[in-house]
Protein chains: 2
Amino acid sequence: MNNPLILVVEDENALRENITAIIAHYGFRVISAPSGEAGVKMAVESNPDIIICDIMLPGIDGFEVLAQIKQAQQSATHAFIFLTAKSTRSDTRAGMNMGADDYLTKPFTKEELLNSIKARMEKLAQIRQSQPEKDALIEASLEKITSLTKAERKVLNKIAEGFTTPQIAEKLFVSKKTVENHRVNISRKLDLSGPNSLINFALRLRAQKSTIPFPDNVPAAPSH
Amino acid sequence: MNNPLILVVEDENALRENITAIIAHYGFRVISAPSGEAGVKMAVESNPDIIICDIMLPGIDGFEVLAQIKQAQQSATHAFIFLTAKSTRSDTRAGMNMGADDYLTKPFTKEELLNSIKARMEKLAQIRQSQPEKDALIEASLEKITSLTKAERKVLNKIAEGFTTPQIAEKLFVSKKTVENHRVNISRKLDLSGPNSLINFALRLRAQKSTIPFPDNVPAAPSH
DNA sequence: TTAAAAATGAGTGGATCCACTCATTGTAAA
DNA sequence: TTTACAATGAGTGGATCCACTCATTTTTAA
């Protein structure tokens with residue numbers, strides 16, 4: 001698994017920046033959200049490998065974040081780590097029973113955080129275990145992916161998840177026409193043509209890389 | 001998931017029988033082992049969905065059990081729940097960092113046990129089912145592939161190679177109509193439906209099995 | 001030999017994908 | 001502010017996929 005993507009959902013600015021800094025320093029790609037609502041949106045869009053989420057959040061809380069992500073993204077090939085100041089037994093059980101994968105009690109050390117991430121990562125790698133026989137077409141196109149815009153990357157991600165145009169339109173809250181336009185633009189940028197070439201490309205790409213690098217993990221195409 | 005299998009590794013006879021009775025009472029299949037060594041052997045043989053394992057065991061301890069099972073069975077997608085009397089933070093972290101999925105501190109109630117099992121079960125079901133990219137669909141369909149005829153296998157093979165209907169028709173020296181008919185029949189036999197579902201299936205099948213068992217490696221479906 | 005299944009091909013219709021053009025609105029940089 | 005690009009959405013048309021039905025010929029098994 002190369003370059004895992006980690007999403008941090010934490011409302012306290014200092015703690016959020018601290019965590020993201022630690023994660024980034026150890027070579028993982030990281031994105032963050034200051035609220036549950038933003039976290040859900042980002043998770044659906046970017047499909048991170050690991051989600052680290054505080055339970056006490058303004059607006060919807062961590063439990064609700066987990067529930068909504070489970071709802072929206074049935075392809076739960078990610079790990080969910082809860083953060084909390086409360087460490088009562090019933091609280092811990094509630095989190096785990098909702099489908100969390102780990103439960104870190106604040107304050108936690110850098111090592112505890114990293115070890116937890118590492119353990120979940122290994123678990124995920126075990127689960128996925130897709131063999132990476134290199135594909136010339138994919139390899140050649142990897143550079144060109146950087147020329148895709150944010151919206152185009154979102155669409156490509158959904159294509160790779162196996163969704164059809166109408167489904168993608170619904171999930172991204174845009175019209176089918178817009179999705180179709182994005183598909184055409186993606187195909188053009190990647191030099192693809194012919195029926196099924198895009199779904200074909202997306203699935204092979206996904207077979208190689210656990211998650212597609214976008215849309216906020218990688219700088220979008222420059223405006224000019 | 002039908003009839004999940006749960007393995008209980010616990011040396012105290014009373015507790016082990018108590019746990020297995022609870023689990024069995026709620027309709028799950030359950031097997032048990034009184035030692036780590038027996039537990040590892042049983043896990044490798046029976047490939048249970050969930051392993052509930054005490055940490056304090058005579059002979060090899062729970063950590064070692066987990067390590068050995070991970071070693072022997074790296075492809076298995078199962079959940080591992082630790083049981084322990086010690087509930088210190090460092091102890092919990094050690095267990096989770098080794099790849100455990102939950103950590104129950106003794107004494108625990110029947111509800112805590114069942115909820116933990118239920119949560120891990122849902123997680124497993126999600127993983128297996130979703131892997132839109134993976135096993136559940138493929139695995140479930142592997143048997144059905146044997147019901148495909150020779151011509152249908154040839155077509156499925158070409159689909160997996162990324163060819164479109166017109167290309168397949170040309171390569172197999174038949175008309176496009178014939179290929180289309182085969183595609184429909186394949187979809188029907190594999191319980192697929194919707195646009196791209198076939199190419200999607202074929203590519204995932206190919207990603208999973210380096211060589212697809214057909215068209216000439218496996219006997220065709222019996223004529224009647 | 002006879003009956004069943006497979007393989008081939010055609011017809012029809014609907015849904016989707018692909019590829020163009022065009023327009024509007026928003027955003028970001030010169 | 002002006003300019004360029006992104007994002008959105010619509011229109012059109014063609015190719016393909018999907019799902020039916022139907023028919024003919026060939027192969028296979030009883």
Side-chain angles (χ1 to χ4, degrees), chain A residues 41 45 145-203 214-216 218-224, chain B residues 145-203 214-216 218-224:
Chain A
K41 191 155 171 279
E45 288 177 359
I145 289 183
T146 60
S147 73
L148 297 182
T149 66
K150 279 188 196 173
E152 285 161 0
R153 289 175 201 209
K154 289 184 195 173
V155 170
L156 180 55
N157 203 27
K158 292 300 170 195
I159 294 173
E161 289 180 43
F163 294 114
T164 66
T165 293
Q167 289 172 324
I168 296 170
E170 191 188 356
K171 286 184 183 294
L172 298 185
F173 303 106
V174 294
S175 82
K176 286 188 286 187
K177 264 306 169 191
T178 300
V179 176
E180 281 192 1
N181 287 333
H182 285 318
R183 292 184 84 127
V184 170
N185 291 330
I186 294 170
S187 293
R188 215 200 304 271
K189 286 183 180 177
L190 298 181
D191 292 324
L192 298 174
S193 73
N196 286 328
S197 59
L198 230 187
I199 176 81
N200 202 316
F201 173 86
L203 283 175
F214 73 115
D216 296 305
V218 159
S223 296
H224 61 85
Chain B
I145 287 183
T146 61
S147 73
L148 297 182
T149 67
K150 276 190 203 171
E152 286 161 359
R153 290 176 201 208
K154 287 185 195 175
V155 170
L156 180 55
N157 207 22
K158 292 301 172 192
I159 294 173
E161 290 179 40
F163 293 114
T164 65
T165 293
Q167 290 172 324
I168 296 171
E170 190 188 358
K171 286 183 182 296
L172 298 185
F173 303 105
V174 295
S175 81
K176 287 188 286 185
K177 264 307 170 193
T178 301
V179 176
E180 280 192 4
N181 287 335
H182 285 318
R183 293 184 83 126
V184 171
N185 290 333
I186 295 170
S187 294
R188 215 199 305 271
K189 286 183 180 176
L190 298 181
D191 291 324
L192 298 174
S193 74
N196 286 327
S197 58
L198 230 188
I199 176 80
N200 205 315
F201 173 87
L203 284 175
F214 62 114
D216 295 307
V218 157
S223 296
H224 63 82

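Keep in mind that this is a model prediction, so the values were computed, not measured. The chains referred to below are lettered A, B, ... by the order of the sequence lines, with proteins before strands, and numbering in each begins at 1.
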- Mind running a 4.0 Å heavy-atom check of residues 163-172 of chain B against DNA chain D and sending the residues that fall below it, in number order? B:Thr164, B:Thr165, B:Pro166
- Note on the structure: Per nearest nucleotide of DNA chain C, the residue lying toward the 5' end, A:Arg183 or B:Ala151, is B:Ala151
- Query: C:dC17 P sits how many Å from A:Leu192 CG, rounded?
  - Reply: 15 Å
- Query: Can you tell me how far C1' of C:dC17 sits from CD1 of A:Ile159, to the nearest Å?
  - Reply: 10 Å
- Minimum heavy-atom distance between A:Gly162 and A:Gln167, given as atom pair plus value: O-OE1, 4.3 Å
- Query: About how many Å separate OG1 of B:Thr165 and NZ of B:Lys177, when rounded to the nearest 0.5 Å?
  - Reply: 10.0 Å
- Separation of C:dC18 P from A:Lys189 NZ (nearest whole Å): 17 Å
- Value for CZ (B:Phe163) from CG (B:Asn157), rounded to nearest 0.5 Å, stands at 10.0 Å
- For B:Leu148 and C:dA5, give me the distance from atom CG to atom P, rounded to whole Å. 17 Å
- Message: Can you give me the closest heavy-atom contact between A:Leu172 and A:Lys158, atom names plus distance?
- Response: CD2-CE, 4.4 Å
- Item | Under-4.0 Å side-chain N/O to phosphate OP1/OP2 contact, A:His182 with D:dA7 | no
- What integer distance in Å separates A:Asn200:CG from C:dT16:P? 20 Å
- Rounded to the Å, how far apart are B:Lys176 NZ and D:dT16 P? 6 Å
- Approximate separation, where rounding is to 0.5 Å, of A:Ile159 CD1 and A:Asn200 CG: 12.0 Å
- Query: Over how many whole Å does the gap from B:Ile199 atom CD1 to C:dC17 atom C1' extend?
  - Reply: 13 Å
- Between B:Glu152 and B:Arg183, is there a side-chain N and carboxylate O pair less than 4.0 Å apart? no
- Between D:dT8 atom C1' and A:Asn185 atom CG, what is the distance in whole Å? 12 Å
- Item | DNA chain C: 5'-proximal contact among B:Ser175 and B:Glu180 (nearest heavy atom) | B:Ser175
- Query: Going from OG on A:Ser197 to CD1 on B:Ile199, what distance comes out if it is rounded to the nearest 0.5 angstrom?
  - Reply: 10.0 Å
- Message: Report for the helix from C:dT1-D:dA30 to C:dA30-D:dT1: angle between first-end and last-end helix axes, five pairs each, rounded to 10 degrees.
- Response: 50°
- Task: May I ask you to verify if any side-chain N or O of A:Thr149 is less than 4.0 angstrom from the OP1 or OP2 atom of D:dA6?
- Result: no
- Just how far is it from atom CZ of B:Phe201 to atom CG of B:Asn196, taken to the nearest 0.5 Å? 15.0 Å
- Item | Contact check, side chains of B:Leu198 and B:Leu156, non-hydrogen atoms, under 4.5 Å | yes
- Any side-chain heavy-atom pair of B:Ile168 and B:Thr164 under 4.5 Å: no
Would you tabulate the nitrogen or oxygen pairs shorter than 3.5 Å linking the protein to nucleotides 20-24 of chain D?
{"from": "D:dC20", "atom 1": "OP2", "to": "B:Arg188", "atom 2": "NH1", "distance (Å)": "3.1"}

- Task: Please examine the side chains of B:Lys189 and B:Thr149, heavy atoms only from C-beta on, and report whether any two atoms are closer than 4.5 Å.
- Result: yes
- Winner on side-chain proximity to A:Ser197, out of C:dC18, D:dA19, C:dG9, is C:dC18
